[in-house]
Amino acid sequence: MTSSALRVRFAPSPTGYLHVGGARTALFNWLLARQCGGTFILRIEDTDQSRHVAGAEQKILDDLRWLGLQWDEGPEVGGDCGPYFQSQRLDLYRQHVQRLLEEGNAYYAWDTPQELEAMRAEARKGQGPAKYRRPDPLPTIAQGLAAQQEGRAVVVRFAMPPGDIVVQDHIRGEVRVPQEELEDFVILKSDGWPTYHLACVVDDERMGITLVCRGQDHLSNTPKHVGLQRALGFRTPEYAHLPLIFNMSGSKMGKRDKHTAVHEAVTLKMRNAGWTTASVAESAGVDVETAGRWFGDKKGGRKPEFQVLEMDALRRLADAAGAVLPEIDVHDFRASGYLPEGLSNFLNLLGWSAGDDREQMTRDEAVTAFSVERIIKSNAKFDREKLLALNTQWVAAVSSDRLLAAFRDWAQVSGSAMADLDDATAARVLELCRGFRTFRDVESKAGALFVTDDRLVYDPGAVRKVLEKGEGRGYTMLAAVLPLLESADPWSAAELEARVTRFCEEQGAKLGDVAQPLRVALTGGTVSPAIFETLELAGRPRTLARVRRCLQRKGG
RNA sequence: GGCCCCAUCGUCUAGUGGUCUAGGACACCGGCUUUUCACGCCGGCAACGGGGGUUCGAGUCCCCCUGGGGUCACCA
């Protein structure tokens, strides 16, 4: 695997955003290609028309680039083995199917779903493997065509050749699958499109893929692919099957988690806030029936049908129910304010380690250190705390220019009010918030400074604790420092600090006795960057307006 | 259930027969720093799933059990 002839690929299916598991697969492949001057190919596996999500491929490309995983061949960059969308290679697949058919390595089949189900049920009862029973004799091509003419749903199945199949895997070692386990799987669907197996094998051959590095969930497909390769006279590439990534709970990480989070919040609303299915429908912007199916009916024993709600509707519902959607896709982390450096570094460490105590690594270091031999065999859990910690390290490590650029991307992607800030102000905000973990922290720490005065919301707890407590001591302090602020000249952090410090000394007060009321007046809460710098950044007019407004609230 | 894969702190992992009274990181707990929140610094707690072998010696090799996972589609 040190050859410059190494050709690897990442082959996502456009059914949604780029998932973190897929991102790690892409990263590992990319690393492998970069370290030996090989080629990293991106191929879109869009052979399932029904599950295709409009615009998904664009999102996947965008997030791959955000992660810094540019491909050498593929969509938008081209290459000698294109097109790189399987939907544009249908003729090629059909030619191969035809060949298999003519050589007797594949045959037409037109079993109904009921018949297939019956076959499986029977096989299960007989405690043998649930596999398709090959007809004997095989239908002829003419018979298959005739069935098609009659309007039956005809597929093509591959006639799995006899013999056990042994796969040499760089991570698992030798994996042997007995012949009895291998069935005659479908290679061409009745809609005339190839299945994943056929398309994947043909493309890996035609694109000259030398190493297939993918998730372990594909391990059991590999014998099928090897069988196909032999029948077609193809090479068998090398294989490396990656361990899987799970949630901390041990469950599979997926779209479902988002639904579960919202479902819990909605359940709570129904119990405590009088929500009904109708409120769910309204919040999500769907009809009541859909809302009902999504929510399910515990008493009626009807399980929730999460798939009926689109992501957009789910997001609306989440907002209404006050639920936070868990991050699952790369895009979620991007919108949550993680640095690609952090996410990528974390993903790199999931299922692989350098062998020493190094954890924080630049991309270049990872390229040098990475090796298939050091990939872990066991599945890993996705520990968000660890990711957060690593991201924090990266925030501190990255140059201020880089941080600013990443901040702008985040502000734009997340729709933050801070997207409009000019470079100098944005840079100043970043500087004042130093020590933050994600850009979302920056938002919650400094975001309030940039909303219009009338949209500033006061946290009741903060108001009580900082302003009202002790017979309105906080308000008193505010009123007392107001003149000092009004006459401050110049309006600078140093000048303001000098004035307030002197005031505190005279009053025998602690700095905090003034700083906290100022914070609440300025931001509505108890958290902000260092107070004097914050004042300076907010500027005189805004500061004075907010302090006065806060004082007025006291009366009202 | 059949088949396949996996197994070190709560989590990610180091460990390739003796230097393992098992190392690091995150989380957690305690302390320091501090005008808030973070960041940072110091310290602490914490693991070889169980049973058999092999060997002078096993976290490291073999077997069984247990546990976890994947897969059994006209999805990829």
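Just so we're clear, the structure is a prediction, and the values are computed from it rather than from any experiment. Excluded from the calculations below are hydrogen atoms, water molecules and symmetry mates; all remaining heavy atoms, backbone and side chain alike, are included. The sequence lines fix the lettering, A, B, ..., with proteins before strands; numbering per chain opens at 1.
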Query raised in the report: Base, sugar-phosphate, or nothing for A:R384, non-hydrogen atoms under 4.0 angstrom?
Result: nothing
Report task. May I ask you to establish whether A:R374 and A:F370 are in a cation-pi arrangement, using a distance under 6.0 Å from NZ or CZ to the six-membered ring centre and at most 45° from the ring axis? Result -> no
Query raised in the report: Within the structure, does a side-chain N or O atom of A:R120 lie under 4.0 Å from either OP1 or OP2 of B:A73?
Result: yes
Query raised in the report: Which is true for A:F185 with a 4.0 Å heavy-atom rule: it touches a base, it touches only sugar-phosphate, or it touches nothing?
Result: nothing
Query raised in the report: With a 3.5 Å cut-off and just heavy-atom distances, do the side chain of A:E180 and the base of B:G2 make a donor-acceptor pair?
Result: no
Query raised in the report: Hey, which of these two, A:P243 or A:G435, hits RNA chain B nearer its 5' end, going by closest nucleotide?
Result: A:P243
Query raised in the report: Rounded to whole angstrom units, what separation is found between the CG atom of A:L432 and the C1' atom of B:C37?
Result: 14 Å
Side-chain donor/acceptor pairs under 3.5 Å, residues 243-251 of chain A, sequence neighbours excluded:
{"from": "A:N247", "atom 1": "ND2", "to": "A:S251", "atom 2": "OG", "distance (Å)": "3.1"}
{"from": "A:N247", "atom 1": "ND2", "to": "A:K252", "atom 2": "O", "distance (Å)": "3.3"}
{"from": "A:N247", "atom 1": "ND2", "to": "A:D257", "atom 2": "OD1", "distance (Å)": "3.4"}
{"from": "A:N247", "atom 1": "ND2", "to": "A:D257", "atom 2": "OD2", "distance (Å)": "2.8"}
{"from": "A:S249", "atom 1": "OG", "to": "A:S251", "atom 2": "N", "distance (Å)": "3.3"}
{"from": "A:S249", "atom 1": "OG", "to": "A:S251", "atom 2": "OG", "distance (Å)": "2.9"}

Report task. Classify the nucleic acid contact of A:P529 as base, sugar-phosphate or nothing, counting any heavy atom under 4.0 Å across all strands shown. Result -> base
Report task. Pick base, sugar-phosphate or nothing for A:I531, based on heavy-atom distances below 4.0 Å to the nucleic acid. Result -> base
Requested in this report: Would you kindly give the CH2-to-P distance between A:W394 and B:A25, to the nearest whole Å?
Outcome: 18 Å
Report task. Hey, which sits more toward the 5' end of RNA chain B by its nearest nucleotide, A:L244 or A:Q516? Result -> A:Q516
Requested in this report: Using only side-chain N and O atoms of A:T392, determine if any of them is under 4.0 Å from OP1 or OP2 of B:A38.
Outcome: no
Query - A:R374 vs B:G15: side-chain N/O to OP1/OP2 distance below 4.0 Å - result: yes
Give me the distances for all protein-to-nucleotides 6-9 of chain B N/O pairs that come in under 3.5 Å?
{"from": "B:C6", "atom 1": "OP1", "to": "A:K377", "atom 2": "NZ", "distance (Å)": "3.3"}

Report task. With heavy atoms under 4.0 Å as the rule, sort A:H218 into base, sugar-phosphate or nothing. Result -> base
Query raised in the report: Does A:K131 place a side-chain N or O at less than 4.0 Å from the phosphate oxygens OP1/OP2 of B:G2?
Result: no
Requested in this report: Determine the contact category for A:G525: base if any of its heavy atoms lies under 4.0 Å from a base atom, sugar-phosphate if only primed atoms, P, OP1 or OP2 are that close, otherwise nothing.
Outcome: nothing
Query raised in the report: Are A:H225 and A:H197 side-chain neighbours, meaning at least one heavy-atom pair lies under 4.5 Å?
Result: yes
Requested in this report: Identify whether any heavy atom of A:T15 sits under 4.0 Å from a base atom; if not, whether one sits that close to sugar-phosphate; answer base, sugar-phosphate or nothing.
Outcome: nothing
Query - Donor-acceptor pair present, A:N221 side chain and B:A76 base, under 3.5 Å - result: yes
Query - Side-chain N,O (A:S353) to OP1/OP2 (B:A14) below 4.0 Å - result: yes
Report task. Establish, with yes or no, whether the OP1 or OP2 oxygen of B:G24 is under 4.0 angstrom from a side-chain nitrogen or oxygen of A:R358. Result -> no
